[in-house]
Amino acid sequence: MSVVTRFAPSPTGLLHIGGVRTALFSWLYARHCGGKFILRIEDTDQDRSTDQAVRVIIEGMTWLGLTPDEGPYFQTQRFDRYRSVLAELLAAGKAYYCYCTKAELDAMREAQLAAKQKPRYDGRCRERLEPRAGVAPVIRFKNPLAGEVVVQDQVHGRVTFQNSELDDLIIARSDGSPTYNFCVVVDDMDMGISHVIRGDDHLNNTPRQINMLLALNAPVPAYAHVPMILGTDGAKLSKRHGAVSVLQYQEEGYLPDALLNYLVRLGWSHGDQEIFSREQMIAAFDIKDVNKAASAFNPDKLQWLNQQHMMRTPVAMLATELRSQLARIGLHSDDQSLLEGVVNAQRERAKTLQEMAKNSQFFFQDFDQYDDKAARKHLTAEVVPLLQAVGEGLAAAEDWNA
RNA sequence: GCUCCCGUCGUCUAGAGGCCUAGGACACGGCCCUCUCAAGGCUGUAACACGAGUUCGAAUCUCGUCGGGAGCGCCA
């Protein structure tokens, strides 16, 4: 069987490391199996989706080298397809119009909650054949009433849900637009997804999706629900604890491979190995080895790994990175030998490229004041060995700037 | 409230009944190397949530308790 995975973020918030880790696992698994990796943007909620978020997803993945083999696809561009599947389901009697009003639904929910029951739609419109005047209907999927759904999960094992716990979910809003759970099913089916790898917050909607797949006579893919990433405090990832745009790590001077290396070790391991190159990751990764428990984000280890990767990256490559990092703080240099000198002196002392740039900025500032070519040359020859001998010279740099 | 998931050092993890006196890594402490800071080497502190049961033997299997998380939307 050929492996097809996908990463399907919704552009409602900025892509952060939690999403990146999920994308990484999908990408790795596809690469490991010689399969295909698809990027799909789930933007059916047009009110909350932003272009900015879409941009961060694409830029972030490009920066990290998690390039899709197909896509990005946008769900908003597939509405015609959803509509025709909706019609199919309706015609087959596997879905129906529901004329309940929001007030009615709210009342139902409140009553159920008051009776300490799980709030669910009771299916009262299954038998309502006549439209109600003045009510724009939604479309609901007719979920099986009895029996159970077994999810064979690659990381959790066998998870069983009773159909009696599920209700008839809305698959199209009253304005006709399809909803998330339905679009996912149609897309996964159309795109031939063989392995659905996603956050374990989705484990609960999996039985519904399987039921819909079954109703559409589509094959059921393998599922792998990977654990979430928590903030440093062990609580859910929040703005204060790492839920920042993935591009911030680029700004802060982390190497893509270092970030990926850090992320892959969250919930996955391969013996005692800590440091992985991209190729090693691909060779060693298997979705079946992923852990079940959530893990907390640890900035110290990320920094350590970044330094380890810097020590292993060719000098010329790091010099290029250093140059763009310097540009961020308004310093420009094309002097390759100077840049490489700084890299040589700093790669074992700085944890990030940003730190490297800051530690050596005095160096480039002074340097720029010399426009005499010979003087520049002289200064370079002088100062590079100095830097190497003296080490990071951070304290010196601070004095210098004071 | 109901359903589902999860629970090994502070953190990331190894561990699929005896190899566990629970191993590795980050962080932290000590020592070595060293003109400084790093890097590197050696070393120390530190965990099987709790309670029953199965077994000659349990971190590993079963049940319960506690704790945490997710879902229960015309959000994704």
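A note on names: the letters A, B, ... follow the listed sequences, proteins ahead of strands, and every chain is numbered from 1.
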Counting Watson-Crick and G-U wobble pairs only, both distances under 3.5 Å, name the nucleotide matched with [N], or none.
N: C26(B); value: G10(B)
N: C50(B); value: G64(B)
N: C33(B); value: none
N: G57(B); value: none

Partner of N261(A) by side-chain hydrogen bond (donor to acceptor under 3.5 Å, both in side chains), out of H309(A), Q280(A), E274(A): H309(A)
Identified side-chain hydrogen bond (donor to acceptor under 3.5 Å, both in side chains) partner of R208(A) from the options D167(A), N181(A), N163(A), N143(A): D167(A)
Gap in Å between the two C1' atoms, one belonging to C63(B) and one to A76(B), rounded: 37 Å
Distance, P atom - from G10(B) to U45(B), rounded to whole angstrom: 14 Å
For a quick check, tell me whether the side chain of [X] and the base of [N] share a donor-acceptor pair closer than 3.5 Å.
X: S295(A); N: C12(B); value: no
X: R349(A); N: C37(B); value: yes
X: D272(A); N: A25(B); value: no

Under 4.0 Å between any heavy atoms, over every strand shown, what does [X] touch: base, sugar-phosphate, or nothing? Just pick one.
X: E274(A); result: base
X: K116(A); result: sugar-phosphate
X: Q75(A); result: nothing

Along RNA chain B (nearest heavy atom to each residue), the more 5'-positioned of R265(A) and V159(A): V159(A)
G71(B) OP1/OP2 closer than 4.0 Å to side-chain N/O of H202(A): no
Heavy-atom pair of closest approach, residues A95(A) and I171(A): CB-CD1, 4.2 Å
